[in-house]
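This report concerns only the one structure given below.
FYI, side chains are in, hydrogens and waters are out, and symmetry mates aren't considered; it's all heavy atoms of this structure. By convention here, the first residue in the shown sequence is residue 1.
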Amino acid sequence: MEQNDAAARVGLAIKQDLLNRGINTKMAAKRLGVSPAGVSVYFSGRRFSTKAAQKWAREFDLNERFLVSGEGHPSKYETMALSPEEKRFILWSRKNKRSLSSRNYNKLIMEESLCNLTEAVDQLKALVDSPAIGKR
């Protein structure tokens, strides 16, 4: 029974950690290459195998030991006082194997800004092209 409680605590903790970073079940599934149900079972308390823990730890920068045993913190950055932007940059730099330079930080900020602008333009186009606008 104690193992099930630990697995349930792990599932809840990683779900909350990912949600705090803006990663929902569907997004996590896409990044892991599995179905949303494949992610939900871990959120619900399925124990992590070593292989699954390695995959999740690598993809989401989680603490592998925590995933397997429930010891420690879910995220390596749990106890650090970082802004969301700083956390995103650290995760980006680790994923892309890039150093933490101001040039890379500026590049990341520019990429995010361009992405946000593109999304905003697409939303405006959709509004202008919508049939509801033409009926006024």
Residues I23 and A28: closest non-hydrogen pair is CG2-N, 3.8 Å
Could you walk me through whether F43 and L18 pass side-chain contact (heavy atoms from CB on, under 4.5 Å), step by step?
CA-CA 10 Å; F43 288 167; L18 294 179; 4.0 Å; yes
State plainly whether one hydrophobic cluster holds both V68 and V41, where clusters connect Ile, Leu, Val, Met, Phe, Trp and Tyr through side-chain heavy atoms under 4.5 angstrom apart.
no
With rounding to the nearest 0.5 Å, note down the distance linking SG in C115 to CE in M110.
14.0 Å
Nearest 0.5 angstrom please: D122 CG to L127 CG, how far?
11.0 Å
Determine, stepwise, if the pair V121 / K125 fulfils side-chain contact (heavy atoms from CB on, under 4.5 Å).
CA-CA 6 Å; V121 168; K125 284 180 183 177; 3.8 Å; yes
With a 3.5 Å distance limit and no angle check, can you tell me whether R31 reaches the backbone of E59 through a side-chain donor-acceptor pair?
yes
Identify the heavy atoms of A7 and R47 that sit nearest to each other, and give their distance.
CB-CG, 3.7 Å
Can you say whether the rings of W56 and F48 are parallel (under 30°), tilted (30 to 60°) or perpendicular (over 60°)?
perpendicular
State the CD-OG1 distance between E64 and T50, to the nearest 0.5 angstrom.
7.0 Å
Show the nearest heavy-atom pair for residues P36 and T25, with the distance to one decimal.
O-CG2, 3.5 Å
Here the pair of heavy atoms bringing V34 nearest to K55 is CG1-NZ, 4.4 Å
For N24 against L19, the heavy-atom pair lying closest together
CA-CD2, 4.0 Å
Rounded to the nearest 0.5 Å, what's the gap from CD1 on I14 to CZ on F66? Could you check?
8.0 Å
Report the C-alpha distance between L67 and Y42 in whole Å, list the side-chain angles of each, state the deciding distance to 0.1 Å, and finish with yes or no for side-chain contact (heavy atoms from CB on, under 4.5 Å).
CA-CA 10 Å; L67 296 176; Y42 287 105; over 6 Å; no
